[in-house]
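Reading through the structure tokens given below for one structure.
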Amino acid sequence: MGRRKEPQTKEEIQTEIAHTQNEIRKLKNQEKLYANAYAKEERKLRTRRLCREAGVLEHFAPELKTMTEQEAAAFIRTAATSQEAQEFLRKRGTNHDETDTDSNSSEH
């Protein structure tokens, strides 16, 4: 790609400014489109994850299907704050941290 000739006259400079402003406008619009597409994909991934996790939860507690939102929240809170669940999360957190450390050190 060749180098553009520098504008010399006032009219050429004004034309170049208008052209550059138009390019900036196009790039800003393109940036918005990419940002919207990224946000849409993130929402789609979150929805899939939530549906998958809710399906697993319903598999182990089919009664959730007939519970009100408040009952389901109370059940999940109770299950998640149980001693067994907290121990599981502590172990997972420790193992997860070690896995992250191992994978980070192998990258260097």
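Gln86 approaches Thr81 most closely through the heavy-atom pair NE2-CA, 3.7 Å. A pairwise comparison of heavy atoms in Glu71 and Met67 identifies OE1-CA, 3.3 Å as the closest pair. Between Ala85 and Ala79, the closest heavy-atom pair is CB-O, 3.1 Å.
In this structure, CD in Glu69 is found 12.0 Å from CG in Leu64, a value given to the nearest 0.5 Å. Within the model, atoms CG of Leu89 and OG1 of Thr94 stand 10.5 Å from one another, a figure rounded to the nearest 0.5 Å. A distance of 7.0 Å separates CD in Gln21 from CD1 in Ile17, rounded to the nearest 0.5 Å. Interatomic distance, OG of Ser82 versus CZ of Arg77, reported as 13.5 Å (0.5 Å rounding). Atom CG of residue Asn36 and atom CD of residue Glu31 lie 10.5 Å apart, to the nearest 0.5 angstrom. The CD atom of Gln30 sits 10.0 Å away from the CD atom of Glu23 when rounded to the nearest 0.5 Å.
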Walk me through whether Lys44 and Glu41 qualify under side chain to side chain contact (heavy atoms under 4.5 Å, CB included). CA-CA 5 Å; Lys44 195 185 304 184; Glu41 186 61 26; 3.7 Å; yes
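When each of Ile24, Asn29, Asn22 is checked for a side-chain contact (heavy atoms from CB on, under 4.5 Å) with Lys26, only Asn22 meets the rule.
Counting heavy atoms from C-beta on, the side chains of Glu16 and Ile13 never come closer than 4.5 Å.
Heavy atoms of other residues, nucleotides or ligands lying less than 6.0 angstrom from CD of Glu42 number more than 12. Dense packing is recorded around CZ of Arg90, with more than 12 heavy atoms of other residues, nucleotides or ligands lying under 6.0 Å away.
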